[in-house]
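Letters A, B, ... mirror the listed sequences (proteins, then strands); counts begin at 1.
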Amino acid sequence: MSYETPEYSSIFSSVFEPDLLAELEAKSMLMKVSSGETIMRIGSPVRAVPLVISGIVKVSLINDDGQEILLYYVRKGETCPMSFTCWMTTKVSSIEGVAEEDSVILAVPGKVVDEWLLKYPTWKKFVMATILDGFSVVIKSIDDLAFKKMDDRLIIYLKEKSKATGSSLINLTHQQIGDELGTNRVVVSRLLKKLENDNKLLLYRNQIKLLRNL
DNA sequence: ACATTAAGTGATT
DNA sequence: AATCACTTAATGT
């Protein structure tokens with residue numbers, strides 16, 4: 001297990017004012033989570049806002065049948081837009097957040113999240129920006145779900161995955177991809193095969209290599 | 001060598 | 001696009 005040094009002040013020093021950085025250090029809690037660990041569980045109340053210091057957190061929606069749909073990733077220097085809406089309305093989380101890699105998270109207690117909105121303009125700006133951004137990402141995924149066919153969604157998914165990991169190699173089984181897109185393994189295998197025949201990617205066991213022309 | 005898991009494929013709904 | 005049933009290929013023990 002490898003964690004980056006939690007030099008979070010440097011990540012946020014450009015966005016937050018010094019006073020806020022100091023309070024951040026004093027009042028929030030640093031958490032290390034390993035890859036695959038669940039950070040936000042469905043049905044549990046959200047009592048803190050997680051800032052991602054290093055690593056990636058995958059946020060997805062899961063319905064009653066256990067079907068999963070990827071919503072978005074939260075990267076270094078970002079936070080989860082849904083976490084705000086959850087604690088502000090004191091509702092329980094309807095989504096799940098899982099660490100995609102070993103990650104370091106700064107948990108900011110809900111209480112101070114609220115105070116800082118009045119106290120620090122940069123905090124307010126940060127919060128508004130992530131909510132706004134999250135909103136457009138979700139609108140985008142509604143668009144994908146409603147109007148795009150599976151093959152387009154697969155391509156979008158692969159590209160996003162590759163961008164998230166910074167690699168053209170994707171280490172996932174067809175089953176895992178199917179789970180994330182809310183479809184079954186056979187469909188994924190067939191679509192991937194088609195893409196391979198079109199020279200868009202190469203298939204291996206547990207691994208997919210994306211080619212430039214995808 | 002054998003068992004297990006991932007991937008490929010035709011046929012059916 | 002989903003499901004079933006089956007085959008083939010890769011990997012672990």
- Would you mind checking if A:Lys193 and A:Glu196 are paired as a salt bridge, meaning a charged N to carboxylate O distance below 4.0 Å? yes
- Message: Classify the ring geometry of A:Phe16 against A:Phe12: parallel below 30°, tilted from 30° to 60°, perpendicular beyond 60°.
- Response: parallel
- Message: Expressed as a whole number of angstroms, how long is the span from A:Leu192:CG to B:dA7:C1'?
- Response: 10 Å
- Nearest-angstrom distance from the residue atom NZ of A:Lys149 to P of C:dA2: 14 Å
- Task: Before accepting this row, confirm whether a basic side-chain N of the pair A:Lys161/A:Glu100 lies closer than 4.0 Å to the acidic partner's carboxylate O.
- Result: yes
- Query: Should the pair A:Lys119-A:Glu115 be classified as a salt bridge under the 4.0 Å nitrogen-to-oxygen rule?
  - Reply: no
- Query: To the nearest Å, how far apart are A:Lys193 NZ and C:dA9 P?
  - Reply: 11 Å
- What are the residues of residues 170-186 of chain A, sorted by number, that bring a heavy atom to within less than 4.0 Å of DNA chain B? A:Thr173, A:His174, A:Arg185, A:Val186
- Query: Rounding to a whole Å, what distance do you find between A:Tyr204:OH and C:dA9:P?
  - Reply: 18 Å
- Given atom CG of A:Asp152 and atom C1' of C:dA1, what is their separation to the nearest angstrom? 14 Å
- Task: Please confirm whether any donor atom in the side chain of A:Arg205 sits under 3.5 Å from an acceptor in the base of C:dT11, or the reverse.
- Result: no
- Could you state the CD-C1' distance from A:Glu196 to B:dA6, rounded to the nearest angstrom? 14 Å
- Task: Could you check how far CD1 of A:Ile208 sits from P of B:dA7, rounded to whole Å?
- Result: 8 Å
- Task: Identify which one of A:Ile208, A:Val188, A:Asn206 satisfies the side-chain contact (heavy atoms from CB on, under 4.5 Å) criterion when paired with A:Thr173.
- Result: A:Asn206
- Result for side-chain contact (heavy atoms from CB on, under 4.5 Å) between A:Leu51 and one of A:Val74, A:Leu30, A:Thr79 points to A:Thr79
- Message: Can you measure A:Arg190 atom CZ to C:dC6 atom P for me and round it to whole angstrom units?
- Response: 15 Å
- Hey, does A:Leu203 reach any base, or is it just sugar-phosphate, or nothing, if we go heavy atoms under 4.0 Å? sugar-phosphate
